[in-house]
Student: 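First, the structure itself, so that you have it in front of you.
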Amino acid sequence: MYMERSKMKIVVLDGYAANPGDLSWEPMQKLGLLTVYDRTAPGELLQRAGDADMLLTNKVVLTAEIIGQLPKLKYIGVLATGYNVVDIKAARAQGIAVTNIPAYSTDSVAQLTFAHILNITHRVGHYALQNRQGRWSSNPDFVYWDTPLIELSGKTLGIVGLGSIGMKVATLGRDFGMDVFAMTSKNSSDLPAGIQKTTFEGLLAVSDVLSLHCPLTADTHHLIDAKALSAMKSGAILINTGRGPLVDEQAVADALTSGQLQAYGADVMAQEPPQADNPLLRCEHAYLTPHIAWATFEARERLMKIATDNVAAFMKGEPVNVVN
């Protein structure tokens, strides 16, 4: 059924992360009565969402209990690809559509994945900082290095999950001359040339660089634990731009301390922001970025457009990107 736009109350619960002010909510405003909150604390949620027809959330959690107290609600739009912040079963039982934003950040996440790999193998930030402090200017030779410098060509890149991001990372790895192996549900015959399918155990055994791009599920929670880390090549590099809980963070910290892992590059943590006593924050060879892979201007611009298109399509009675 077509919904009369002028009467639709649309509430964005945490809009600041996607749009801190460099993009416009105007296209969304044209679809209904729009209220945008930068952030919403749990105690503010019911008051702000109580009379909304449509809610948009990025990280504000909508549990079955909360959803059950929102009888007017017809639509939940997740401002991200992952939608684990919404109890989709409860939403479906209440007749509420839930949509997400698929594939908007593929290029940006793949780019940051390799930013971590390249930082670890060539330590650009480390040398830039030393040279600002005068190291090169006072050096007796024209060149110096005090970290291992690693060429990627000929190394093995292992990828867990060959969705759009995993496939993009695989392509970039091949362009760097890496041998690419993957753990994937896809058939070997459906994989592009240069990507070899293997088991998880096989992936651990062969990977010089292991990159995680699988969804977070009960089966993949702590996929990389102490046992998996001990099965990896000594001195391998682990990259996580997927989800924080894919790894056991204490086990990763222990592997970095022992030298079993050469380095860990991650854009995600099990808890965000992380606790100040998280062991990875104290590890010299843990390189952590604050969940910024998706946050390029271009990716957020796509996100905002798709979010608006999702709302408009639902109002027309032709919903798209529905996950429940």
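Values below: all heavy atoms of this structure, side chains included; hydrogens, waters and symmetry mates excluded.
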Student: Out of curiosity, Ile96 CD1 to Asp87 CG, how far, rounded to the nearest 0.5 Å?
Tutor: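 Nearest 0.5 Å value for the CD1-CG distance: 10.5 Å.
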Student: Where the side chain of Glu44 meets the backbone of Ala41, is there a donor-acceptor pair that is under 3.5 Å apart?
Tutor: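 Yes: the side chain of Glu44 pairs with the backbone of Ala41.
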Student: Measure the CG-OG distance between Asp107 and Ser105 for me, rounded to the nearest 0.5 Å.
Tutor: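 It is 9.0 Å, given to the nearest 0.5 Å.
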Student: Closer than 3.5 angstrom, by distance alone: can the side chain of Gln260 be matched with the main-chain N or O of Ala255 as a donor-acceptor pair?
Tutor: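 Judged by distance alone, no pair lies under 3.5 Å.
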Student: With heavy-atom distances below 4.5 Å as the criterion, would you say the side chains of Leu288 and Met269 are in contact?
Tutor: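 Leu288 vs Met269: side chains touch.
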Student: Set out, in order, the CA-CA distance, both residues' side-chain angles and the distance that settles side chain to side chain contact (heavy atoms under 4.5 Å, CB included) for Leu261 and Ile237, then state yes or no.
Tutor: CA-CA 6 Å; Leu261 269 186; Ile237 295 167; over 6 Å; no
Student: Heavy-atom distance under 4.5 Å between the side chains of Leu210 and Leu157, does that happen here?
Tutor: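 They are not in side-chain contact.
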Student: Do the charged groups of Arg300 and Asp22 touch, with an N to O distance under 4.0 Å?
Tutor: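 Here Arg300 pairs with Asp22 in a salt bridge, since their nearest N and O are under 4.0 Å apart.
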Student: Assess, by modelled atom type and distance only, whether the side chains of Asp254 and Gln250 contain a donor and an acceptor separated by less than 3.5 Å.
Tutor: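 Distance-only check passes for Asp254 and Gln250.
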Student: Please examine the side chains of Thr199 and Met183, heavy atoms only from C-beta on, and report whether any two atoms are closer than 4.5 Å.
Tutor: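 A side-chain contact is absent here, since even the closest heavy-atom pair is not under 4.5 Å.
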Student: Look at atom NZ of Lys155 and say whether more than 12 heavy atoms of other residues, nucleotides or ligands are closer to it than 6.0 Å.
Tutor: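 Yes, NZ of Lys155 has more than 12 neighbouring heavy atoms, counting only those of other groups under 6.0 Å.
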Student: Do Val12 and Leu34 have side-chain heavy atoms sitting under 4.5 Å apart?
Tutor: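 Of all side-chain heavy-atom pairs linking Leu34 with Val12, at least one is under 4.5 Å.
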Student: Using side-chain contact (heavy atoms from CB on, under 4.5 Å) as the criterion, point out the one residue from Asn310, Leu79, Ile76 that pairs with Thr99.
Tutor: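 Checked Asn310, Leu79, Ile76 against Thr99; only one passes side-chain contact (heavy atoms from CB on, under 4.5 Å): Asn310.
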Student: Should the heavy atoms of other residues, nucleotides or ligands under 6.0 Å from OH of Tyr287 be counted, would the total exceed 12?
Tutor: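 Above 12, so yes.
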Student: Can you see which heavy atom on Met28 is nearest to which on Leu56, and at what distance?
Tutor: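 So the two residues come closest at CE-CD2, 3.5 Å.
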Student: Honestly curious: do Leu162 and Phe114 fall in one hydrophobic cluster under the side-chain, below-4.5 Å linking rule?
Tutor: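 Per the 4.5 Å side-chain linkage, Leu162 and Phe114 are co-clustered.
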Student: Determine whether a donor-acceptor pair (N or O, by modelled atom type, separation under 3.5 Å) exists between the side chain of Arg39 and the backbone of Val60.
Tutor: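 Flag not set: sc Arg39 to bb Val60 has no pair under 3.5 Å.
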Student: If we ignore hydrogens and angles and just use 3.5 Å, is the side chain of Asn119 paired with the main-chain N or O of Arg123 as donor and acceptor?
Tutor: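 Pair absent, no side-chain N/O of Asn119 close to backbone of Arg123.
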Student: At what distance, to the nearest 0.5 angstrom, does CD1 of Ile195 lie from OG1 of Thr184?
Tutor: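 With rounding to 0.5 Å, CD1 (Ile195) is 9.0 Å from OG1 (Thr184).
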Student: Surrounding CD of Glu272 (heavy atoms of other residues, nucleotides or ligands, distance under 6.0 Å), is the total greater than 12?
Tutor: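 Atom CD in Glu272 is packed in, count exceeds 12.
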Student: Output, in order, the C-alpha distance, side-chain angles, deciding distance and verdict of side chain to side chain contact (heavy atoms under 4.5 Å, CB included) for Ile159 and Leu203.
Tutor: CA-CA 8 Å; Ile159 300 175; Leu203 206 61; 5.9 Å; no
Student: Which pair of non-hydrogen atoms, one from Phe142 and one from Trp136, has the smallest distance, and what is that distance?
Tutor: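 Looking at all heavy atoms of both residues, the closest pair is O-NE1, 3.0 Å.
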Student: Would you mind telling me which of Asn240, Thr241, Thr289 makes a side-chain hydrogen bond (donor to acceptor under 3.5 Å, both in side chains) with Asp267?
Tutor: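 Among Asn240, Thr241, Thr289, the one that satisfies the side-chain hydrogen bond (donor to acceptor under 3.5 Å, both in side chains) with Asp267 is Thr289.
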Student: NE2/His122 to CH2/Trp145 distance, rounded to the nearest 0.5 angstrom?
Tutor: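 It is 10.5 Å, given to the nearest 0.5 Å.
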Student: Are a donor atom and an acceptor atom from the side chains of Asn131 and Tyr144 found within less than 3.5 Å of each other?
Tutor: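 Asn131 vs Tyr144: donor-acceptor pair found between side chains.
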Student: Check Lys168 against Ala110 and note the closest heavy-atom contact, atom names and distance.
Tutor: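 So the minimum-distance heavy-atom pair works out to CG-CB, 3.4 Å.
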Student: Report yes if the side chains of Asn19 and Met304 come closer than 4.5 Å at any heavy-atom pair, otherwise no.
Tutor: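 Of all side-chain heavy-atom pairs linking Met304 with Asn19, at least one is under 4.5 Å.
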Student: For Lys227, does the NZ atom sit with more than 12 other heavy atoms under 6.0 Å from it, leaving out its own atoms?
Tutor: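 No, not enclosed.
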Student: Do Ile117 and Phe176 come within less than 4.5 Å of each other through their side chains, counting heavy atoms only?
Tutor: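 Side chain of Ile117 against side chain of Phe176, heavy atoms only: no contact under 4.5 Å found.
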Student: Do the ring planes of Trp294 and Tyr104 sit parallel (below 30°), tilted (30 to 60°) or perpendicular (above 60°)?
Tutor: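 Geometry flag for Tyr104 against Trp294: perpendicular rings.
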Student: Would you name the heavy atoms of Ser211 and His213 that are closest together and state the gap between them?
Tutor: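 Closest approach of Ser211 to His213: OG-NE2, 2.7 Å.
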Student: Is Asn324 reaching over with its side chain to a backbone N or O of Ala97, donor-acceptor style, under 3.5 angstrom?
Tutor: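 Side chain of Asn324 to backbone of Ala97: no pair is present.
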Student: Does the pair Met315 and Ile10 meet the rule for a side chain to side chain contact (heavy atoms under 4.5 Å, CB included), with working shown?
Tutor: CA-CA 12 Å; Met315 287 181 169; Ile10 308 167; 4.0 Å; yes
Student: Do Leu31 and Thr308 have side chains that approach each other closer than 4.5 Å (heavy atoms only, starting at C-beta)?
Tutor: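 Answer yes - side chains close enough.
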Student: Using a cut-off of 6.0 Å, state whether more than 12 heavy atoms not belonging to Glu65 lie near its atom CD.
Tutor: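 No, not enclosed.
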Student: For the hydrophobic clusters of this structure (ILVMFWY residues joined by side-chain heavy atoms under 4.5 Å, transitively), does one cluster hold both Val169 and Phe181?
Tutor: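 No, Val169 and Phe181 fall in different hydrophobic clusters.
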Student: Are Leu118 and Met178 grouped together when hydrophobic residues (ILVMFWY) are joined by side-chain heavy atoms under 4.5 angstrom apart?
Tutor: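 They do share one cluster, since a chain of ILVMFWY contacts under 4.5 Å joins Leu118 to Met178.
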Student: For the atom pair CG (Leu46) and OG1 (Thr40), what is the distance rounded to the nearest 0.5 Å?
Tutor: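 Spacing of CG (Leu46) from OG1 (Thr40) equals 11.0 Å.
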Student: For the pair Lys59 (side chain) and Thr57 (backbone), establish whether a donor and an acceptor sit closer than 3.5 Å, ignoring hydrogens and angles.
Tutor: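 Checked: no pair found.
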Student: Inspect the surroundings of NZ in Lys233 and state if more than 12 heavy atoms from other residues, nucleotides or ligands are less than 6.0 Å away.
Tutor: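 Buried by this count: over 12 neighbours within 6.0 Å.
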Student: Any donor-acceptor pair under 3.5 Å linking the side chain of Asn187 with the backbone of Asp190?
Tutor: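 Not a single qualifying donor-acceptor pair exists.
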Student: Would Ser207 and Thr156 count as having a side-chain donor-acceptor pair, cut-off 3.5 Å?
Tutor: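 Note: Ser207 and Thr156 side chains miss the donor-acceptor criterion.
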Student: Between the side chain of Glu301 and the main-chain N/O of Leu23, is any donor-acceptor distance below 3.5 Å?
Tutor: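 Flag not set: sc Glu301 to bb Leu23 has no pair under 3.5 Å.
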Student: Side-chain heavy atoms under 4.5 angstrom apart, residues restricted to Ile, Leu, Val, Met, Phe, Trp, Tyr: same cluster for Leu13 and Phe314?
Tutor: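 No, Leu13 does not connect to Phe314 through the hydrophobic network.
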Student: Are any non-hydrogen side-chain atoms of Asn58 and Val78 less than 4.5 angstrom apart?
Tutor: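 No, too far: nothing below the 4.5 Å cut-off.
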Student: Are any side-chain N or O atoms of Asn139 and backbone N or O atoms of Val143, one a donor and one an acceptor, separated by less than 3.5 Å?
Tutor: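 Yes.
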Student: In sequence, state the C-alpha distance, the side-chain angles, and the governing distance for Val209 and Ile239, and then conclude on side chain to side chain contact (heavy atoms under 4.5 Å, CB included).
Tutor: CA-CA 7 Å; Val209 179; Ile239 305 294; 4.1 Å; yes
Student: What's the shortest heavy-atom distance between Thr106 and Ser164, and which atoms?
Tutor: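 Smallest heavy-atom distance, with atoms named: OG1-OG, 3.2 Å.
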Student: Salt bridge or not between Asp146 and Arg135? Use side-chain N to carboxylate O under 4.0 Å.
Tutor: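 Yes, charged N to carboxylate O under 4.0 Å.
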Student: Can the ring centres of Tyr37 and Tyr16 be said to be less than 6.0 Å apart?
Tutor: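 Centroid distance Tyr37-Tyr16: not below 6.0 Å, so no.
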Student: Counting heavy atoms not belonging to Lys89, are there more than 12 under 6.0 Å from its NZ?
Tutor: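 Incorrect, the count does not exceed 12.
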Student: Between the main-chain N or O of Pro279 and the side-chain N or O of Glu249, is there a donor-acceptor pair closer than 3.5 Å?
Tutor: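 A pair under 3.5 Å: no.
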Student: Can you tell me how far apart CG (Asp208) and CD1 (Ile150) are? Round to the nearest 0.5 Å.
Tutor: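 With rounding to 0.5 Å, CG (Asp208) is 9.0 Å from CD1 (Ile150).
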Student: Taking only Lys NZ, Arg NE, NH1 and NH2, and the carboxylate oxygens of Asp or Glu, determine whether Asp51 and Lys9 approach each other closer than 4.0 Å.
Tutor: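 Counted as a salt bridge, because a side-chain N and a carboxylate O are separated by less than 4.0 Å.
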Student: Can you hop from Leu280 to Ile120 via hydrophobic side chains spaced under 4.5 Å?
Tutor: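 The answer is no; the residues belong to distinct hydrophobic clusters.
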Student: Do you know which two heavy atoms are closest between Thr296 and Ser108, and how far apart they sit?
Tutor: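 Smallest heavy-atom distance, with atoms named: OG1-OG, 2.7 Å.
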